[in-house]
Peer 1: 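Got a structure here, written out as structure tokens. Questions coming.
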Amino acid sequence: MKYILFPFRLIWRIWFYFLIIISVLIMAPFLLVLLSDEKYYHAFWKLMRIWSFYLIYGMGFRLKKDKEQKPLPNKSYVFIANHASLLDPWIMIAMNKNPLLFVGKKELVKLPIFGFFYKKAVVMVDRSDPKSRKEVYARIKKRLDDGLSIAIYPEGLVPTENVVLAPFTNGAFSLAIQYQMPIVTQVYYDAKRLFSWDFFKGHPGIFRVKQLKFINTKGLTIDDKELLKKQSFTLMYNELINDKLYMQDTNQPNNEREFKSPL
């Protein structure tokens, strides 16, 4: 049965890239203007949210949101989430009215069309270069003064599908402590199953997203970084291992092979 569905799933995947290419070409004139100056970032964010809902719903998905706590307007936070799908950044954008500044991989600049706008809208970091990581801190401080929040996938990669949650890197927690920003944890239960990196896997459905109660960092110092990282990891990990559908897909990825991001 699954082999019969392969052609339909392939066409469905191609449809996703078609949606991206067409929408980026249409938005290009607006993006060029909105990304020409940082003062337009709030307007840019509104356009990105429209784009996110367009892609999510255009692929036949729906979002089911469960927010235990909501962020205040004009307050800066560090948003973190587990990373299992190409669609994850658009889910995070759709979840947040507060403008976010993503800290992302430098490698994504290589993607045609998308990469051009990506390098203007995202703070890029070369994870293998300590100098690059230090420069990121300086750029982020400037944007935080404008009331933006930070979005980071703390796993630092898209792990293979048999991994529940990869170990966290330090960046998100160092930033949260340095600038005394609360950590907002989001958990994505269904992205791995509905839209993984396997072109022949997935289908339209409901993305369940849970936003947990915020982790306060007020009064913490850099010496508390490991404890904060462990606390955040444990919260997210416990949510995932207690979700039957997530664990069913994690224990038997595609029943025969493992997939991870090619980037």
Side-chain angles (χ1 to χ4, degrees), residues 76-93 95-96 100-110 118-119 121-141 143-144 148-189 191-192 196-197 209-212 214-217 220-241 246 250 258-263:
S76 295
Y77 301 85
V78 173
F79 287 81
I80 63 173
N82 57 306
H83 201 4
S85 166
L86 179 61
L87 207 62
D88 291 344
W90 285 283
I91 294 175
M92 186 173 283
I93 292 171
M95 283 285 293
N96 294 286
L100 305 180
L101 184 65
F102 280 85
V103 178
K105 295 179 180 179
K106 187 177 181 180
E107 293 83 353
L108 293 178
V109 175
K110 300 174 184 178
Y118 175 85
K119 68 181 179 182
V122 175
V123 175
M124 295 177 294
V125 58
D126 182 349
R127 302 182 193 277
S128 63
D129 184 359
K131 182 180 178 182
S132 175
R133 294 198 298 268
K134 289 181 180 179
E135 290 174 350
V136 165
Y137 284 85
R139 291 186 61 193
I140 286 176
K141 176 61 172 68
R143 305 304 295 277
L144 290 177
L148 301 184
S149 292
I150 302 300
I152 300 178
Y153 292 98
E155 292 170 283
L157 46 79
V158 180
T160 55
E161 291 187 8
N162 63 339
V163 175
V164 176
L165 189 66
F168 286 176
T169 57
N170 293 325
F173 310 100
S174 297
L175 282 169
I177 291 174
Q178 183 174 352
Y179 300 113
Q180 298 290 282
M181 294 183 292
I183 293 177
V184 182
T185 304
Q186 294 182 350
V187 183
Y188 304 161
Y189 300 100
K192 181 187 296 188
S196 77
W197 288 92
V209 182
K210 187 173 183 179
Q211 185 163 287
L212 307 180
F214 304 166
I215 301 174
N216 187 23
T217 61
L220 297 185
T221 68
I222 199 64
D223 293 334
D224 301 307
K225 180 182 63 180
E226 289 300 321
L227 183 62
L228 180 63
K229 183 168 66 172
K230 182 178 180 180
Q231 180 184 1
S232 302
F233 181 92
T234 301
L235 280 174
M236 194 181 295
Y237 183 83
N238 286 340
E239 285 290 332
L240 293 172
I241 63 170
Y246 182 86
T250 299
E258 302 170 3
F259 279 85
K260 61 180 178 179
S261 163
L263 297 173

Peer 1: Can you name the residues that form a side chain to side chain donor-acceptor pair (under 3.5 Å) with Asn96, not counting sequence neighbours?
Peer 2: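 For Asn96, no residue satisfies side chain to side chain donor-acceptor pair (under 3.5 Å) once neighbours in sequence are set aside.
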
Peer 1: With rounding to the nearest 0.5 Å, note down the distance linking NZ in Lys225 to NZ in Lys229.
Peer 2: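 Answer rounded to 0.5 Å: 6.5 Å.
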
Peer 1: Measure the CD1-CG distance between Ile152 and Leu100 for me, rounded to the nearest 0.5 Å.
Peer 2: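 Result: 11.0 Å between the selected atoms.
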
Peer 1: List the steps and the verdict of side chain to side chain contact (heavy atoms under 4.5 Å, CB included) for Val187 and Leu240.
Peer 2: CA-CA 8 Å; Val187 183; Leu240 293 172; 3.5 Å; yes

Peer 1: Is any side-chain heavy atom of Phe79 closer than 4.5 Å to one of Met95?
Peer 2: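 Met95 vs Phe79: side chains apart.
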
Peer 1: Identify the two heavy atoms, one from Thr217 and one from Ile183, that lie closest to each other, and give their separation to 0.1 Å.
Peer 2: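 Heavy-atom minimum between the residues: CG2-CG1, 4.3 Å.
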
Peer 1: Would you compute the distance between atom CG of Leu212 and atom CD of Gln186 and round it to the nearest 0.5 angstrom?
Peer 2: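 Between atom CG of Leu212 and atom CD of Gln186 there are 9.0 Å.
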
Peer 1: Quick check against the 3.5 Å criterion: does Lys192 have a side-chain atom that pairs as donor or acceptor with the backbone of Ser85?
Peer 2: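 Not a single qualifying donor-acceptor pair exists.
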
Peer 1: Ignoring hydrogens and geometry, is there a side-chain-to-backbone donor-acceptor pair from Ser76 to Leu148 under 3.5 Å?
Peer 2: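 Pair found, side chain donor or acceptor close to backbone of Leu148.
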
Peer 1: If every non-hydrogen atom of Ser174 is compared with every non-hydrogen atom of Ile222, which pair is closest and at what distance?
Peer 2: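 Nearest heavy atoms, Ser174 then Ile222: OG-CD1, 4.2 Å.
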
Peer 1: Please find the pair of heavy atoms, one from Ile80 and one from Ala172, that lie closest to each other, and give the distance.
Peer 2: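 Distance-wise, the nearest heavy atoms are CG2-CB, 3.9 Å.
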
Peer 1: Would you find a donor on one side and an acceptor on the other, under 3.5 Å apart, between the side chain of Tyr246 and the backbone of Val164?
Peer 2: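 Yes.
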
Peer 1: Given 3.5 Å as the limit, does a donor-acceptor pair link the side chain of Asn238 with the main chain of Leu235, or not?
Peer 2: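 Not at all, since once roles are kept as given, no pair shorter than 3.5 Å links the two residues.
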
Peer 1: With rounding to the nearest 0.5 Å, note down the distance linking CD in Gln231 to CD1 in Ile215.
Peer 2: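 Spacing of CD (Gln231) from CD1 (Ile215) equals 4.5 Å.
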
Peer 1: Applying side chain to side chain donor-acceptor pair (under 3.5 Å), name anything that partners Glu239, two or more places apart in sequence or on another chain.
Peer 2: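 With neighbours one apart ignored, the set is Tyr189, Lys210.
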
Peer 1: Any heavy-atom pair between the side chains of Ile93 and Phe102 that's under 4.5 Å?
Peer 2: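 Side-chain contact under 4.5 Å: yes.
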
Peer 1: Is there a side-chain contact between Tyr77 and Ile150, using heavy atoms and a 4.5 Å cut-off?
Peer 2: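 Contact flag for Tyr77/Ile150 side chains = no.
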
Peer 1: If you compare all heavy atoms of Leu175 against all heavy atoms of Met181, which two are closest, and at what distance to 0.1 Å?
Peer 2: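 Residues Leu175 and Met181, closest heavy atoms: O-CE, 3.8 Å.
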
Peer 1: By ring-ring contact (aromatic ring centres under 6.0 Å, His included), which residues pair with Phe233, not counting sequence neighbours?
Peer 2: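 ring-ring contact (aromatic ring centres under 6.0 Å, His included) list for Phe233, sorted by chain: Phe168, Tyr237.
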
Peer 1: Kindly give the heavy-atom pair with the smallest separation between Glu155 and Thr169, and that separation in Å.
Peer 2: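 In terms of heavy atoms, the two residues are closest at O-CG2, 4.3 Å.
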
Peer 1: Does Tyr188 form a side chain to side chain contact (heavy atoms under 4.5 Å, CB included) with His83? I'd like the steps, not just the answer.
Peer 2: CA-CA 8 Å; Tyr188 304 161; His83 201 4; over 6 Å; no

Peer 1: Kindly give the heavy-atom pair with the smallest separation between Val163 and Ala166, and that separation in Å.
Peer 2: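 So the two residues come closest at CG1-N, 3.7 Å.
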
Peer 1: Would the distance check show the side chain of Asn162 and the main-chain N or O of Thr250 forming a donor-acceptor pair, the cut-off being under 3.5 Å?
Peer 2: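 Between the backbone of Thr250 and the side chain of Asn162 there is no qualifying donor-acceptor contact (under 3.5 Å).
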
